[in-house]
Number of protein chains: 2
Amino acid sequence: MGPLDGYLPYLLNRAGSRIATAFSEEVRPLGATLQIWRVLAALRERDGRRMGDLSETTSIEVSTLTRLVDGMEKKGLVARRRDAADARAVALHVTPAGRRLTQRLVPIAERYETVALAGFNAVEAEALKAALRRLYANMDALEKPQRLRG
Amino acid sequence: MGPLDGYLPYLLNRAGSRIATAFSEEVRPLGATLQIWRVLAALRERDGRRMGDLSETTSIEVSTLTRLVDGMEKKGLVARRRDAADARAVALHVTPAGRRLTQRLVPIAERYETVALAGFNAVEAEALKAALRRLYANMDALEKPQRLRG
DNA sequence: CATCATTATTTGCATTTACAAATAATGATG
DNA sequence: CATCATTATTTGTAAATGCAAATAATGATG
């Protein structure tokens with residue numbers, strides 16, 4: 001393995017960390033954090049998600065998510081409800097206050113995307129996104145082999 | 001802003017987290033962690049780096065790095081030395097034990113790169129890396145405007 | 001050489017994080 | 001319907017993290 005800046009996981013982490021740090025700093029005055037934004041963004045896409053689903057989408061470990069949601073509930077941003085279909089599960093719903101905060105965060109998030117992709121044309125930007133999706137899917141190969149059901 | 005999976009920072013974090021989690025799990029039996037690997041990899045590229053430099057290259061916050069290095073020193077992987085040129089700075093050096101651990105981690109790291117880029121040809125892989133470097137550089141625009149010196 | 005602004009690292013401390021174990025509910029199976 | 005394996009979430013607890021303040025050393029400046 002040669003220089004760090006030819007190593008993909010390094011480049012990925014470096015870029016991700018830099019966006020994350022800058023974004024965190026920027027939303028702090030609004031009383032938000034990056035993790036809160038991730039949850040709100042996931043619920044904005046689809047409200048009433050379960051904890052497990054939310055954990056998967058946000059890449060936040062479930063036990064961490066539980067406590068993050070505790071805090072968001074205290075702030076009145078979301079509400080836990082027992083899932084109608086399966087009472088083991090908890091469905092999370094945004095409140096009006098949560099929606100208002102989301103509305104303030106979306107433009108910031110959009111700006112980050114714009115800045116990050118400055119100088120990329122539409123084709124290049126889409127190629128990058130496609131590559132990242134592909135990369136994510138490729139990692140299936142390293143997952144603990146799942147027991148087959150049935 | 002539309003669906004999450006069209007949002008670049010989301011894709012970036014998702015891919016990065018997935019690699020990070022899998023890698024962490026895999027190196028745990030060796031007594032290593034992802035952060036330890038990051039430090040060792042940076043020192044492998046260039047030994048005797050200062051803490052600040054190391055923090056920048058690894059994306060680990062300096063105060064966190066200090067304590068991480070404390071632990072690595074206790075494990076005998078690295079040694080702190082006062083920087084020759086500037087006694088305010090601390091230069092970090094790998095020990096033989098650190099080198100041995102690095103040698104065991106490199107093949108694992110290489111495998112991660114291979115798996116992540118499965119199905120990419122050389123041109124596509126290089127394009128992705130170039131895009132990530134570019135994206136990282138683009139974030140300069142959001143940095144707190146630095147006071148000019150002189 | 002004392003003072004002072006600057007830079008590099010460490011420490012204090014409160015919060016966040018993650019693994020593992022505990023709890024809660026489901027859906028068979030007998 | 002009691003039992004049991006399975007799935008979803010939470011809790012216990014120790015370690016990692018990050019901001020802010022403290023410490024240490026430098027390099028002018030007088």
Side-chain angles (χ1 to χ4, degrees), chain A residues 13 17-18 20-29 31-39 48-75 78 80-92 144 146-150, chain B residues 13 17-18 20-29 31-39 48-75 78 80-92 144 146-150:
Chain A
N13 174 252
S17 295
R18 191 164 188 189
T21 304
F23 187 86
S24 299
E25 211 168 304
E26 182 144 354
V27 301
R28 194 156 21 139
T33 65
L34 175 56
Q35 302 295 63
I36 287 179
W37 158 245
R38 284 183 176 142
V39 170
R49 287 184 195 252
R50 297 164 163 210
M51 299 295 287
D53 177 359
L54 224 36
S55 164
E56 173 117 350
T57 357
T58 58
S59 306
I60 300 171
E61 208 270 338
V62 271
S63 73
T64 303
L65 185 64
T66 286
R67 283 177 262 236
L68 174 62
V69 167
D70 289 348
M72 291 179 72
E73 250 188 326
K74 276 198 199 108
K75 290 187 175 202
V78 294
R80 278 182 171 95
R81 278 193 233 151
R82 216 77 221 184
D83 190 275
D86 184 343
R88 285 171 301 180
V90 167
L92 204 62
K144 297 186 199 67
Q146 306 291 326
R147 177 94 49 73
L148 297 180
R149 334 250 173 130
Chain B
N13 174 251
S17 294
R18 192 164 189 190
T21 304
F23 186 86
S24 298
E25 212 169 302
E26 180 145 354
V27 301
R28 194 156 21 142
T33 65
L34 176 56
Q35 302 295 62
I36 287 181
W37 158 245
R38 283 183 177 143
V39 170
R49 284 183 197 254
R50 297 164 162 211
M51 299 296 286
D53 177 1
L54 225 36
S55 165
E56 173 117 350
T57 6
T58 59
S59 306
I60 300 171
E61 208 269 338
V62 272
S63 73
T64 302
L65 184 64
T66 286
R67 284 176 265 236
L68 175 61
V69 167
D70 288 348
M72 292 179 72
E73 251 188 324
K74 276 199 198 104
K75 289 188 175 200
V78 294
R80 277 182 171 96
R81 277 194 233 152
R82 217 76 220 185
D83 190 274
D86 185 341
R88 285 171 302 182
V90 168
L92 205 62
K144 294 187 200 63
Q146 307 290 326
R147 177 95 50 74
L148 296 179
R149 333 250 175 131

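In this text, all values refer to a predicted model and were calculated from it rather than measured experimentally. Proteins come first, then strands; the chains are lettered A, B, ... in the order of their sequence lines, and each starts at number 1.
Side-chain atoms of B:T64 lie closest to D:dT17 of the nucleotides D:dT10, C:dT17, D:dT17. Minimum atom distance to the side chain of B:S63 is reached by C:dT11, of the listed C:dT11, C:dT10, D:dA25. Listed nucleotides C:dT11, D:dG18, C:dT7 differ in distance to B:R88; the shortest reach to its side chain belongs to C:dT7.
When all heavy atoms of A:V27 and A:L34 are compared, the closest pair comes out as CG2-N, 4.4 Å.
Residues B:V90 and B:D83 fail the side-chain proximity criterion, which asks for heavy atoms closer than 4.5 Å. B:S55 has its side chain within reach of B:L65: a pair of non-hydrogen atoms, C-beta onward, lies under 4.5 Å apart.
Judged by distance alone, the side chain of A:K75 and the main-chain N or O of A:G31 form a donor-acceptor pair under 3.5 Å. Although no hydrogens or angles enter the test, the distance criterion places a donor-acceptor pair under 3.5 Å between the side chain of A:T21 and the main chain of A:S17.
Residue whose closest nucleotide on DNA chain D sits further toward the 5' end, between A:S24 and A:V90: A:V90. The residue among B:V62 and A:E61 whose nearest nucleotide of DNA chain C is located toward the 5' end is B:V62. Of the residues near DNA chain C, B:A91 and A:T33, the one whose nearest nucleotide (by heavy atom distance) lies more toward the 5' end is B:A91.
One finds the CZ atom of A:F23 at 9.0 Å from the OG1 atom of A:T33 (value rounded to the nearest 0.5 Å). Atom OG1 of B:T57 is separated from atom CZ of B:R50 by 12.5 Å, given to the nearest 0.5 angstrom. The distance from the CG atom of A:L92 to the CZ atom of A:R49 is 10.5 Å, given to the nearest 0.5 Å. The line from OG of B:S24 to CD1 of B:I36 is 10.5 Å long, rounded to the nearest 0.5 Å. With rounding to the nearest 0.5 Å, the separation of OG1 in A:T58 from CG in B:N13 is 8.5 Å.
Atom CZ of A:R82 and atom C1' of D:dT9 are 7 Å apart (whole Å). One interatomic measurement links the two molecules: CZ of A:R28 to C1' of D:dC19, which rounds to 7 Å at whole-angstrom precision. We find that CG of A:L65 is positioned 14 Å from P of D:dA8, with the value rounded to whole Å. Separating the CD atom of A:Q35 from the P atom of D:dG18 is a distance of 11 Å, rounded to the nearest angstrom. Atom CZ of B:R81 is separated from atom P of D:dA25 by 18 Å (rounded to the nearest Å). In this structure, B:K74 places its NZ atom 14 Å from C1' of D:dA16, rounding to the nearest Å. Put simply, CG on B:D70 is 14 Å from C1' on C:dG12, counting in whole angstrom units. The separation between B:L34 atom CG and D:dA16 atom C1' is 13 Å, rounded to whole Å.
Regarding contacts with the backbone of C:dT10, a side-chain N or O of B:R80 is found under 4.0 angstrom from either OP1 or OP2.
Residues passing the side-chain hydrogen bond (donor to acceptor under 3.5 Å, both in side chains) test with A:R38, sequence neighbours excluded: A:Q35.
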Distances under 3.5 Å only, N/O to N/O: pair up the protein atoms with those of nucleotides 13-15 of chain C.
| unit_1 | atom_1 | unit_2 | atom_2 | d |
| --- | --- | --- | --- | --- |
| C:dC13 | N4 | B:R67 | NH1 | 3.2 |

Listing time: all N or O pairs from protein to nucleotides 1-4 of chain D that are below 3.5 Å?
none

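Helical stems involving DNA chain D, defined as 3 or more consecutive Watson-Crick or G-U pairs under 3.5 Å, span C:1-30 with D:1-30.
Enclosure of atom CZ in B:R82 by more than 12 non-hydrogen atoms of other residues, nucleotides or ligands within 6.0 angstrom is indicated.
Sorted by first and then second residue, the pairs that involve residues 56-72 of chain A and meet salt bridge (charged side-chain N to carboxylate O under 4.0 Å, His left out), not counting sequence neighbours, are A:D70-A:R80.
Within residues 48-60 of chain A, no residue places a heavy atom under 4.0 Å from DNA chain C.
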